[in-house]
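Some notes on the structure that comes next.
All chains are named by letter (A, B, ...) in the order of the sequence lines, taking the proteins before the strands, and each is independently numbered beginning at 1.
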Amino acid sequence: MQDGTEIRRTEFLATDDLQTLLDELQSQGYRTVGPTIDQGAIIYDEIESVDDLPRGWTDRQEAGKYRLEERDDDAFFGYVVGPHSWKRFLFPAAVTVATAERTDQGWQMRTPDHDAPRYAFLGVRACELAAMRVQDRVFLEGAFVDPIYQQRRDRAFIVAVNCTQAAATCFCTSMNTGPRCNSGFDLALTEISGGFIIESGSDDGDDILERLPTQPAEDALLDQAESARQQAVDQITKKMDTDGIRDLLMQNLDHPRWDDVATRCLSCTNCTMVCPTCFCSSVSEVSDLTGDHVERQRQWDSCFNIDFSYMNGGVVRNGIRSRYRQWLTHKLATWHDQFDTSGCVGCGRCITWCPVEIDLTEEVAAIRQSTTDKAPERTDEDDAP
Amino acid sequence: MTSAAACSATDPWLAHSVTIDRVIPETPGVATYDFVFTDDNVGGRYSFLPGQFNMLYLPGVGEVAISISGNPADRSKLPHTIRVAGNVTQELARLGEGGSLGLRGPFGASWPLADCAGMDVVLVAGGIGLAPLRPAIYDLLANRDRYGRLTLLYGSRTPAGLLYTDEYEQWRARGLDIQTTVDRTTDHWKGNVGVVTTLLERLTLPRPENTALMTCGPEVMMWYTIQSARECGFRDDNLYVSLERNMNCAVGLCGHCQFGPEFICKDGPVFRYDRVTSILKVDDL
Ligand SMILES: Cc1cc2nc3c(=O)[nH]c(=O)nc-3n(C[C@H](O)[C@H](O)[C@H](O)COP(=O)(O)OP(=O)(O)OC[C@H]3O[C@@H](n4cnc5c(N)ncnc54)[C@H](O)[C@@H]3O)c2cc1C
Ligand code: SF4
Ligand code: SF4
């Protein structure tokens, strides 16, 4: 995997040859993971062949709603994003981080030799590439490195897919994360009629591309790809004004809007589970029957769980108001302090999967609105010398 | 504030095997546990700074964050002063001397002792909050000539709750002014009664603008201490607090200990007051 990708080669791959990409990846030892339909949603799972892909299906999304619909064409990647994100493969929902064994000399602790599969991810969208970069900062670029994430990330091969349509919940353009895949991939596809424009962005990508039965990407095909990508841009209607958002939120920790959202939010944790950047976890003890062998299991946790902030026999965030505020201010404000980036990539999952249709962009807009109502906007005269 | 590298550079989840060497009962429900590493090599490499903490791990029971309460210069001991609070601390008390457990650390930012050279230093502790300050006391007294006046103001709910009382005489002899106070008095108590901030307000401070204050105790106590100190003329950038939140990984990867923009485990637990001023009094943050 290469970062700071520059597109090195651009070719055309015919629809009927998409399977050769999977074959090539599998023959190089990768476990191929991609979109597939399960229980009425497009999720990410291991796939064997292109027949597992959600060909001819699309997803329709709005706040609190998600449904699959048949397309009037045979597009492989004619959907947006579903409830899964790639974090489930890089930062597994449950994993053993350490073990303890009772011996005659007392407890012996070990960390397992992680031997993660080499995954090839097929269908990574621009916002998801951005989400990986966000989690890289969390797990790899601080004082301590998470060895589990590191190994999985290092080994992964990424086939990105440029969006050619957008959902009503998408706002990647506001977060500067998409919809175009500019970097962070080995290969990137743009689906057009009859096939794909395929770009390589790394040595590994070049290597695979070399082996595929591609044809030259003629100008007419490139134009088609460009307008397919433009269609996604044109379809994005949701916006979030991120101007000064850190200070806006941190200066409004006592805003009445937090009370308002607390009457709606169920603290169900859905938003944190579907979010591709949320990284909170808890370790629990799993003993065998003898109690002599213990595994320390790390599981995804959520700031919406009540005991998440347990301390001294009490709970710090003992109300939905403070838990929602923690989630939103972390995502959009304090993430900047901690990791020098926003914690939100604008994928819209938390909006779609919220059972009560809470939309973070509206919560932010409400807070912004009330503060601009109070403080009149700067006029041109303020700028006069 | 500086922090030493943790003893396991490779995997933050690797705990080292330690044995409880000695248990020293301190006050009701509180004892000091001295640990030795099973592997001498690990013990030989281990060092900590005043104010840092370890994660103590009881397999099958759980893991807790505990400050190191010993002398950073004395490599032969690694004491932790622990109050029985719930599952893990109870089980630790039951283990007793010879018991085996795991230890990860040291973690977190330390008291800024090096930055206080030439200054007067006031330590303000409440209850078990003296434990993470004791390494600072050892360090200050070991380098006594580097500092001006050294004062410890220590409050406890009851006289029986005062920690390390048998060391006070020696500390006083070496140049630490110690004043104690209790919330509730008992028959034999002849000392101060009242909150620890009254001790601070009564203190003669020849040069408050050149005096550092480090405090550890219940959050409200620290808050009022800081407010008194500011009224006494301390500068915000000379005030330090040690904060506590739920701790799971201790290395900034699990999200539990967040306090606004801060991770208590790696940005703290010791913070300069002006870094956390704006968030200290936000409800339920
Ligand atoms: C940086 C730091 C330093 C500390 N230093 C000391 C010290 O020197 N001496 C001392 O007696 N105590 C100290 N504590 C508090 C100590 O960590 C808790 O009292 C202890 O975790 C309680 O665990 P328990 O299982 O006995 O109690 P329970 O109430 O049964 O707690 C259940 C579980 O909650 C989890 N938990 C995580 N963080 C906390 C927390 N902050 N408080 C309570 N539970 C928590 C633990 O996994 C714990 O096992 C410190 C805490 C922090 C954050
Ligand atoms: S906060 Fe919502 S929109 Fe932003 S990255 Fe997470 S799930 Fe996507
Ligand atoms: S915002 Fe919605 S998805 Fe998130 S916890 Fe609240 S109810 Fe659940």
Side-chain angles (χ1 to χ4, degrees), chain A residues 97-103 105-111 138-139 142-147 149 250-251 253-254 278-287 291-294 296 298 301 303 307-313 315-319 321-323 325-326 329-330 333-338, chain B residues 3 5-6 8-20 38-39 57-63 65 83 85-86 88 98-104 107 218-219 244-267 278-279 282-285:
Chain A
V97 294
T99 58
E101 208 79 48
R102 201 200 300 270
T103 70
Q105 288 81 46
W107 287 102
Q108 287 302 308
M109 273 63 65
R110 284 209 173 73
T111 48
V138 175
F139 289 127
F144 295 89
V145 167
D146 182 88
Y149 181 90
M250 293 312 278
Q251 284 162 12
L253 295 174
D254 290 319
C278 274
F279 63 86
C280 288
S281 65
S282 283
V283 166
S284 53
E285 302 295 302
V286 183
S287 306
D292 294 342
H293 177 85
V294 179
R296 310 205 67 198
R298 183 180 74 188
D301 203 343
C303 54
D307 53 2
F308 188 80
S309 62
Y310 171 85
M311 178 178 90
N312 268 332
V315 167
V316 175
R317 297 187 204 106
N318 199 12
R321 171 185 185 273
S322 58
R323 296 205 285 282
R325 183 182 65 186
Q326 168 60 23
T329 54
H330 186 218
T334 54
W335 213 293
H336 286 282
D337 300 282
Q338 296 168 348
Chain B
S3 55
S8 54
T10 44
D11 193 318
W13 284 107
L14 185 64
H16 296 291
S17 176
V18 297
T19 307
I20 306 174
T38 314
D39 181 343
Y57 172 49
L58 272 57
V61 190
E63 197 179 37
R83 186 177 60 89
V88 176
S100 167
L101 63 150
L103 180 151
R104 299 190 289 133
F107 298 118
E219 222 165 285
E244 180 183 348
R245 281 294 177 274
N246 182 296
M247 218 148 272
N248 203 273
C249 75
V251 292
L253 300 176
C254 78
H256 281 264
C257 71
Q258 285 181 81
F259 179 52
E262 313 294 352
F263 288 94
I264 301 284
C265 68
K266 64 181 172 96
D267 302 321
S278 65
I279 51 175
V282 178
D283 283 342
D284 307 336
L285 193 66

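- Contacts between B:Val18 and chain A at a heavy-atom distance below 4.5 Å are absent for every atom of the residue.
- Residue pairs meeting the salt bridge (Lys or Arg N to Asp or Glu O under 4.0 Å) criterion with at least one partner in residues 250-261 of chain B, sequence neighbours excluded, are absent.
- Across B:Ser100 and A:Gly106, no two heavy atoms sit closer than the pair OG-CA, 3.4 Å.
- Taking the six-membered ring where tryptophan is involved, the planes of A:Phe279 and B:Phe263 are tilted, since the angle between them lies from 30° to 60°.
- For the residue pair A:Tyr310 and B:Asn246, the shortest heavy atom distance occurs at O-ND2, 2.9 Å.
- Heavy atoms closer than 4.5 Å to chain B are found in the side chain of A:His330, but not in its backbone.
- At least one donor-acceptor pair closer than 3.5 Å links the side chain of B:Asn248 to the backbone N or O of A:Val283.
- Taking B:Pro59, B:Ser17, B:Cys257 one by one and counting their heavy-atom pairs under 4.5 Å with chain A, the maximum is reached by B:Pro59.
- Neither the backbone nor the side chain of A:Val315 comes within less than 4.5 Å of any heavy atom in chain B.
- When every heavy atom of B:Gln258 is checked against every heavy atom of A:Cys280, the shortest pair comes out as NE2-SG, 4.4 Å.
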Exercise for the section: Please test B:Glu63 against A:Arg296 for side-chain contact (heavy atoms from CB on, under 4.5 Å), starting from the C-alpha separation and ending with a verdict. Expected result: CA-CA 10 Å; B:Glu63 197 179 37; A:Arg296 310 205 67 198; 3.3 Å; yes
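- Across A:Phe308 and B:His256, no two heavy atoms sit closer than the pair O-ND1, 2.9 Å.
- Residues A:Met250 and B:Ile279 share a closest heavy-atom pair of CE-CG2, 4.5 Å.
- To the nearest 0.5 Å, atom OG1 of residue B:Thr38 and atom CD of residue A:Gln108 are 6.5 Å apart.
- In this structure, the portions of B:Leu285 lying under 4.5 Å from any heavy atom of chain A include both its backbone and its side chain.
- A:Arg325 touches chain B through its side chain: at least one heavy atom from C-beta onward sits under 4.5 Å away, while N, CA, C and O do not.
- Both the backbone and the side chain of A:Ser282 come within contact range of chain B, each with at least one heavy atom under 4.5 Å from a heavy atom of that chain.
- The candidate from B:Gly252, B:Gly102, B:Ala85, B:Gly260 with the greatest count of non-hydrogen atom pairs under 4.5 Å with chain A is B:Gly260.
- A:Thr111 is linked by a side chain to side chain contact (heavy atoms under 4.5 Å, CB included) to A:Ala98, B:Asp11, B:Trp13, B:Leu14, counting only residues two or more places apart in sequence or in another chain.
- A:Leu253 contributes atom CG, which lies 10.5 Å from atom CG of B:Asp283 (distance to the nearest 0.5 angstrom).
- Contacts of A:Asp301 with chain B are made by side-chain atoms alone, with heavy-atom separations under 4.5 Å and no backbone atom involved.
- Only the backbone of A:Arg110 comes within contact range of chain B, with at least one heavy atom under 4.5 Å from a heavy atom of that chain.
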